[in-house]
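See below for the structure under consideration.
We name chains A, B, ... by the order of the sequence lines, and we start the count at 1 in each one. Source: prediction; values computed, not measured. These numbers come from the heavy atoms of this one structure, side chains and all, not from hydrogens, waters or symmetry mates.
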Amino acid sequence: MTSAITPLNVLERRNIAVDIHKVSHHFDLFGTSLPVLDTIDLAVAPGEFVALLGPSGCGKSTLLRLIAGLDRPATGDIRADNRLVTAPDRSRILAFQDPTLFPWRTVWWNVATGLEAQGTLERHRKRVDDALALVRLSEFATAYPHQLSGGMAQRVALARALVNDPKLLLLDEPFGKLDSFTRMGMQSELLALWLQQAFTAILVTHDIEEALLLASRVIVLSDRPARILHELTIDLDYPRRRDDPAIINLRREIAGELGLEPADAPNIQKRAVS
Amino acid sequence: MSDLTQIIEAGKLQDRASPWPLWTTGFLAACAWGLGAIVTIAFPDVVPWGATQLFATLIGAGAAILLVLSFVVQRLGAGGRLIVHYGPWLIALGLWFTFWEISTAKLGWLPKPFFSPPQGLLNVYVVDWQRLLLCIAYTLRLWAIGFGSGIVVGYVIGVALGWSRGVSYWGMPVLKLIGPVPATAWIPCTFFFFPTTFAASCFIVALASGIPVAILTASGVGAVNRSYYDVGRILGASNWYLIRNIAVPAALPHVFVGLFMGLYYSFAVLVVAEMLGAKYGLGWYIQFQTAYSAYANVYAALLIMAFLCASIVRLLFAVRDRLLGWQKGFI
């Protein structure tokens, strides 16, 4: 179903597996310990598109930061490509909820940051141009971030991630702050990129529809501390339609799971993960 | 309604009819400057100051130029618009010259030697210009070396303080302690530590300009949005890359505040720094002339210092606008 399983991609190793093993985490706030993740067990296959769905502030972003290697989990361990994650690595790129572009750098230099930091920019200048072309922002190469709209800034952030040719792309509610038109456009762009580039993707979102349109598997998380409530494999062809009855049914089911539709409350017991 | 259109039409016709529209403000400025020239030349000075004739000629010429400008300024493009912008100031300046002239030279309300009319200052420049030029050169040399080394060292210390917890733990209390001490209080130590009095003077100026730069740079680097570092680390940046390409540019707006403060402090201590056995320099000149109660010379030197400082501030603004162009619409 996805291009990830074509032989070419297996040869090129364009994607990696992620194993999250009994990961728990907490924050220290004013001397008290605030648990955010509760024994998360999750295996993501190479080339899979997994959506982590849960209420705001449930700890989804924390999980992404742990996978990226920005922070270490309090207990449990995370493996990427069978290697323990201890620090950030350019094969695992995290795109934040805010574009977080460097305001003092032009669009081109924002995208070039990763290559420059790794000292390979001179050899790969064309990749920066290609990445900008990929998100259709070539004409804005010399613009500064303050001259961009929210959607354009988010696309630059996406190009800045993709230029590093990530084997794992971690997306932290990347479209959460965009208007609905821009968001829809960005979702199809992301989908096209994933189908084309075949990286492994983990998307954090609190938008049920977004998860269902993009992901091959949806993980439903509880409120803080986050536990895995439920897993759904979405076996539907891309591109998916918002008004597909299957999508609508799944959306209702997940909303019930999250306690958003009390009528479906009995479902929770029935479908709870063992 | 038709009346209104008629008036507008008439106005348009008038515009077309007169190719030399009058700039009223400029005309009034010309009058004010002319008044100053007439007052200067028509009444005798209570005591001789010298250069009265010259001053009258100069502001008379100014009045003539303003008179011409008040007819042609609209045709001068950008330069003309700048002159128009400062029109009210030009009027005020003419009136100020007139009032200054009357209150000092003509009526003696503000007497010699404590006050000086404009021709008194002009006379200083006419008589003493060679020595003043030498003093300017000496002062600029001291200032450039002191300020230059001060801001470089202050900047490096500031980045280290803002970046490293260890440096900040040991350095910040020390900086906070010596920060408020006036740079001049270090004079006894500097005499002991530095081989020449010139080096000691440079150190005083460097200290005055370096401390605000260090403090502001440290706070700027410390205040950088943490997520910029996260993005940098995600993209595989080393610590050195994070400092050079994220901490430093992100802190630049703060650094410039420090530079402006350092610039003013450095000028304030110049006079004192030139007490340390200097042979020339504007600060030395001011003290030397004060000792002889030659206040006209003191004012003349002060005026030069003010212009120097203002020019350097202007230059620094130009540098800032160039380096911080990305800030437009961001802050």
Could you report the tightest heavy-atom contact between B:A237 and A:A117, atom names first, then the distance?
CA-CB, 3.7 Å
Atom CZ of A:R90: over 12 foreign heavy atoms under 6.0 Å
no
From CH2 (B:W326) to OH (A:Y144), nearest 0.5 Å
9.5 Å
Other residues, nucleotides, ligands: >12 heavy atoms within 6.0 Å of A:D28 CG
yes
So which heavy atom on A:G69 is nearest to which on B:R233, and how close?
O-NH2, 4.1 Å
Which bit of A:R105 comes within less than 4.5 Å of chain B, counting heavy atoms only: side chain, backbone, both or neither?
side chain
Can you tell me which portion of B:N245 sits under 4.5 Å from chain A's heavy atoms? Options are side chain, backbone, both or neither.
both
So which atom in B:G232 and which in A:F102 form the shortest heavy-atom distance, rounded to 0.1 Å?
N-CZ, 4.5 Å
Note: vs chain B, highest number of non-hydrogen pairs under 4.5 angstrom among A:N164, A:T113, A:L115 is A:T113
Give, as side chain, backbone, both or neither, the part of B:I246 having an atom under 4.5 angstrom from any heavy atom of chain A.
both
For B:F256, does the CZ atom sit with more than 12 other heavy atoms under 6.0 Å from it, leaving out its own atoms?
yes
Any side-chain to backbone donor/acceptor pair from A:Q118 onto B:L235? Under 3.5 Å, distance only.
yes
Quick one: closest heavy-atom pair of B:Y228 and A:P103, and the distance?
OH-CD, 3.2 Å
Of all heavy-atom pairs linking A:A68 and B:I234, the shortest is CB-CD1, 3.5 Å
Toward chain A, the part of B:S227 with a non-hydrogen atom under 4.5 Å:
both
Determine the minimum heavy-atom distance between B:V231 and A:F96, stating which atoms define it.
CG2-CE1, 3.5 Å
What part of A:Q147 is in contact with chain B, defined as an atom under 4.5 angstrom from a non-hydrogen atom: side chain, backbone, both or neither?
neither
